[in-house]
Protein chains: 2
Amino acid sequence: MTSTDGSGPRPTKQRLAVLEALASVDDFRSAQEVHEILSSSGSPVGLATVYRTLQLYADQGDVDVLRREDGEAIYRRCSETHHHHLVCRSCGATVEVEGPAVERWTTSMAAEHGFTAVSHTLEIFGTCAACS
Amino acid sequence: MTSTDGSGPRPTKQRLAVLEALASVDDFRSAQEVHEILSSSGSPVGLATVYRTLQLYADQGDVDVLRREDGEAIYRRCSETHHHHLVCRSCGATVEVEGPAVERWTTSMAAEHGFTAVSHTLEIFGTCAACS
DNA sequence: GGCCGTTTGACAACCATTCTCAACTCTGAT
DNA sequence: ATCAGAGTTGAGAATGGTTGTCAAACGGCC
Ligand SMILES: [Zn+2]
Ligand SMILES: [Zn+2]
Ligand SMILES: [Zn+2]
Ligand SMILES: [Zn+2]
């Protein structure tokens, strides 16, 4: 429901397959990993298309993006509301977390320094219970 | 303060030059940009050495690293205490900010979900007063 | 001076990501 | 159904940041 006119991106077989692949796992995956999943699941999609699709959905806000330490982009299908992530460094397990106080803090901090059109990123990394 | 024995990395001319280049600007710069600064300032340092040096200091915690939207790593010489950043999307102007409440929130959030060995990243992006 | 581990730098290699472009697929009219 | 045109795909080439290679240069030490 990102657009209502008929001119938006088409829900093609490939695009739906990418979303399904993301939905089939619970943690963040790179474009190449999504491409892998699709190939081994019998509905292969071109690598370029996977890249295009992921960034399409990322722009629409339908998938979350963050970066591994080496800079590689990883994607996850998350809930629609604004949230942040608690990610296990070892197994990748991901928990969505919310913190209204943090949201307020970032906005007030930005206002205090005269910044406008503010956004923010916040991720927490650690070792989950299963991995420790 | 990262090592006290005499076997640590040597403070070579090139390494000091890299630190100086970073100190000469106030915002985050990429490795290639640091290499540029050094070249045009009359004390050129090999690009590979710039990369090695920046990640050396980053590992030691002497410089902060974050990533542009396209994934490129950028570096900045910051204060020694733990802090976060308010960065102008347009001109790159950077302000260091601290928020004890946020620090507490991340730790309690991690503990609540059984995560240990926790770290976190938090950056705020916006348009600074001068650019708006 | 000569020895030896560290550091450097030019260049090649790597690899995630983007570009190119011809073939393909919808959709909506005719 | 047919056709035109816009949107989409995929294989491969190209891009570009980053890392690896390795011989030469350096620095402390005997
Ligand atoms: Zn999310
Ligand atoms: Zn938030
Ligand atoms: Zn900093
Ligand atoms: Zn913090």
Side-chain angles (χ1 to χ4, degrees), chain A residues 2-22 28-60 62-76 92, chain B residues 2-22 28-60 62-76 92:
Chain A
T2 310
S3 72
T4 39
D5 57 11
S7 65
R10 299 176 187 162
T12 63
K13 192 177 346 188
Q14 289 88 341
R15 285 174 180 161
L16 294 175
V18 166
L19 277 192
E20 248 183 66
L22 271 188
F28 282 87
R29 297 299 172 100
S30 72
Q32 317 239 18
E33 287 167 345
V34 171
H35 178 250
E36 273 284 316
I37 295 177
L38 289 166
S39 297
S40 58
S41 80
S43 41
V45 174
L47 183 56
T49 300
V50 173
Y51 273 102
R52 280 185 296 236
T53 303
L54 286 174
Q55 86 186 20
L56 169 71
Y57 284 126
D59 289 345
Q60 292 183 182
D62 292 332
V63 306
D64 279 5
V65 194
L66 56 87
R67 302 229 166 230
R68 295 215 169 107
E69 287 203 25
D70 65 352
E72 191 176 2
I74 50 181
Y75 306 82
R76 181 174 189 263
Chain B
T2 309
S3 71
T4 38
D5 56 11
S7 65
R10 298 176 188 163
T12 63
K13 191 177 345 186
Q14 288 88 342
R15 285 174 180 163
L16 295 175
V18 167
L19 276 193
E20 248 182 65
L22 270 188
F28 282 86
R29 297 298 173 100
S30 72
Q32 317 237 21
E33 287 167 346
V34 170
H35 178 250
E36 273 285 315
I37 295 177
L38 290 166
S39 298
S40 59
S41 81
S43 41
V45 174
L47 182 56
T49 301
V50 173
Y51 273 103
R52 281 186 295 239
T53 303
L54 286 174
Q55 81 187 25
L56 168 71
Y57 284 127
D59 288 346
Q60 290 183 184
D62 292 332
V63 307
D64 279 5
V65 194
L66 56 87
R67 302 229 166 230
R68 295 215 169 108
E69 286 203 29
D70 64 353
E72 190 176 4
I74 49 181
Y75 306 82
R76 180 176 189 262

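Proteins get letters first, then strands, A, B, ... in listed order; numbering begins at 1 in each.
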Taking only the side-chain heavy atoms of [X] (C-beta and beyond), determine which of [options] contains the nearest atom.
X	options	answer
B/R15	D/dT8, C/dT7, D/dT19	C/dT7
B/T12	C/dT17, C/dT8, D/dT18	C/dT8
A/A48	D/dA11, C/dT17, C/dG9	D/dA11
B/Q55	D/dT19, C/dT17, D/dG17	D/dT19

Compare side-chain N and O positions of A/Q14 against OP1 and OP2 of C/dT25 and report whether any pair is under 4.0 Å apart.
-> no
Inter-residue atom distance B/L22.CG - B/D64.CG, 0.5 Å rounding = 10.5 Å
Length of the [atom1]-[atom2] vector between [X] and [N], whole Å:
X	N	atom1	atom2	value
B/H35	D/dT18	NE2	P	13 Å
A/E36	C/dA16	CD	C1'	14 Å
A/Y51	C/dT17	OH	C1'	5 Å
B/E72	C/dT18	CD	C1'	15 Å
B/Q32	D/dG16	CD	C1'	8 Å
B/E69	D/dG17	CD	P	16 Å
A/L54	C/dA16	CG	C1'	13 Å
A/Y75	C/dA16	OH	P	13 Å

CA sep, side-chain torsions, deciding dist, call: A/V34, A/Y75, side-chain contact (heavy atoms from CB on, under 4.5 Å) = CA-CA 9 Å; A/V34 171; A/Y75 306 82; 5.8 Å; no
Looking at B/V63, B/T12, B/L38, which one forms a side chain to side chain contact (heavy atoms under 4.5 Å, CB included) with B/V18?
-> B/L38
For nucleotides 23-29 of chain D, list the nitrogen or oxygen atoms of the protein found under 3.5 Å from its nitrogen or oxygen atoms, one pair per line.
none

Does the side chain of A/S30 pick up a donor-acceptor pair with the side chain of A/E72 at under 3.5 Å?
-> yes
For B/D70 and for B/G46, locate the closest nucleotide of DNA chain C by heavy-atom distance; then report the residue assigned to the nucleotide nearer the 5' terminus.
-> B/G46
Exam field: side chain B/R67 to backbone A/E69, donor-acceptor pair closer than 3.5 Å | yes
Would you check if the side chain of B/R15 reaches a backbone N or O of B/R10 as a donor-acceptor pair within less than 3.5 Å?
-> yes
Does any non-hydrogen side-chain atom of B/L54 lie less than 4.5 Å from one of B/V65?
-> no
Considering only heavy atoms and no angle criterion, is a donor-acceptor pair shorter than 3.5 Å present between the side chain of A/R52 and the base of D/dG10?
-> yes
